[in-house]
Amino acid sequence: QVQLVESGGGLVQSGGSLRLSCVVSGDTNPNGCMAWFRQAPGKEREGVAALGRDGAAVIADSVKGRFTISQDNAKNTFYLQMNMLKPEDTAMYYCAASSGYVFTYNRLRQLDYAYWGQGTQVTVSS
């Protein structure tokens with residue numbers, strides 16, 4: 001059983017920074033992919049950033065240049081560093097893990113991820 005637990009969300013002013021963490025436990029696929037998604041009230045969940053075990057990262061255009069994804073294999077943890085936050089970044093953020101390899105062009109697609117965390121709220125005030 002794979003479990004993911006997010007942390008690091010909170011309230012921050014526009015222009016500020018936050019770092020989200022996701023601790024992964026259980027038997028993950030060594031060729032799998034980790035990702036961050038977000039869902040704002042009244043909107044669909046969208047992919048933000050993904051990182052494969054092959055080292056290839058995918059960043060959504062809406063956050064490119066502001067968000068980065070990284071992992072610490074020794075800690076079984078991956079991160080989302082969010083800089084220059086904007087009010088439109090306000091959302092519940094979820095980490096996710098795939099059960100197998102995900103092609104780069106699919107890494108921000110929800111249905112490729114089998115395991116999900118409970119989410120952590122990020123609120124950016126103007």
Side-chain angles (χ1 to χ4, degrees):
Q1 185 71 16
V2 176
Q3 291 187 325
L4 298 89
V5 179
E6 304 98 334
S7 63
L11 173 64
V12 63
Q13 289 188 332
S14 181
S17 298
L18 283 174
R19 188 178 78 159
L20 306 183
S21 301
C22 180
V23 178
V24 184
S25 61
D27 190 16
T28 57
N29 190 309
N31 296 314
C33 189
M34 307 296 183
W36 289 96
F37 290 79
R38 68 184 182 185
Q39 187 167 20
K43 294 188 177 181
E44 293 186 355
R45 190 174 297 186
E46 63 174 350
V48 176
L51 181 63
R53 298 301 177 93
D54 56 9
V58 178
I59 308 293
D61 288 343
S62 58
V63 302
K64 198 168 289 183
R66 300 188 297 121
F67 290 13
T68 56
I69 186 171
S70 62
Q71 62 186 8
D72 184 334
N73 291 327
K75 296 181 179 180
N76 292 325
T77 301
F78 66 107
Y79 306 95
L80 184 68
Q81 179 65 44
M82 305 184 294
N83 298 327
M84 295 182 288
L85 282 161
K86 304 175 181 180
E88 51 263 44
D89 295 319
T90 294
M92 185 70 77
Y93 283 72
Y94 300 89
C95 61
S98 69
S99 58
Y101 182 79
V102 181
F103 289 103
T104 304
Y105 52 81
N106 284 336
R107 288 183 178 176
L108 296 183
R109 193 172 67 167
Q110 292 184 61
L111 58 86
D112 287 290
Y113 293 87
Y115 309 104
W116 293 81
Q118 294 299 307
T120 185
Q121 178 69 37
V122 172
T123 303
V124 184
S125 63
S126 57

Counting distance only, does the side-chain N/O of [X] pair as donor-acceptor with the main-chain N or O of [Y] below 3.5 Å?
| X | Y | answer |
| --- | --- | --- |
| Thr90 | Val124 | yes |
| Ser126 | Pro87 | no |
| Arg107 | Val102 | yes |
| Arg109 | Tyr105 | no |
| Gln110 | Arg45 | yes |

Can you check whether [X] reaches [Y] side chain to side chain, under 4.5 Å on heavy atoms?
| X | Y | result |
| --- | --- | --- |
| Ile59 | Thr68 | no |
| Ser125 | Thr123 | no |
| Gln81 | Ser17 | yes |

Just wondering, more than 12 heavy atoms not from Asn73 lying within 6.0 Å of its CG?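 Result for CG/Asn73: enclosed.
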Are more than 12 heavy atoms, taken from residues, nucleotides or ligands other than Gln3, located less than 6.0 Å from that residue's CD atom? no
Where do Leu18 and Val122 come nearest, in terms of heavy atoms and distance? CD1-CG1, 3.9 Å
Here the pair of heavy atoms bringing Ser21 nearest to Thr77 is CB-CG2, 4.2 Å
In plain terms, say whether Asp89 and Lys86 are close enough for a salt bridge, that is, a side-chain N and a carboxylate O under 4.0 Å apart.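 Looking at Asp89 and Lys86, the cut-off is not met.
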Note: Arg19-Asp72 ion pair, threshold 4.0 Å (strictly below):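 Salt bridge: no.
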Decide if the gap between the ring center of Tyr101 and the ring center of Phe103 is smaller than 6.0 angstrom. yes
Run the numbers on Asn29 and Ser99 for side chain to side chain donor-acceptor pair (under 3.5 Å), then give the verdict. CA-CA 6 Å; Asn29 190 309; Ser99 58; over 6 Å; no
Start with the C-alpha gap between Arg38 and Val63, add the side-chain angles, then the distance that decides, and say whether side chain to side chain contact (heavy atoms under 4.5 Å, CB included) holds. CA-CA 12 Å; Arg38 68 184 182 185; Val63 302; 3.9 Å; yes
Check the angle between the aromatic planes of Phe37 and Tyr113 and answer parallel, tilted or perpendicular using the 30° and 60° thresholds. perpendicular
Using the six-membered ring wherever Trp is involved, compare the ring planes of Trp116 and Tyr94 and label them parallel, tilted or perpendicular (cut-offs 30° and 60°).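 Ring orientation of Trp116 relative to Tyr94: perpendicular.
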Between Leu20 and Glu6, is a side chain to side chain contact (heavy atoms under 4.5 Å, CB included) present by the stated rule, with each step listed? CA-CA 7 Å; Leu20 306 183; Glu6 304 98 334; over 6 Å; no
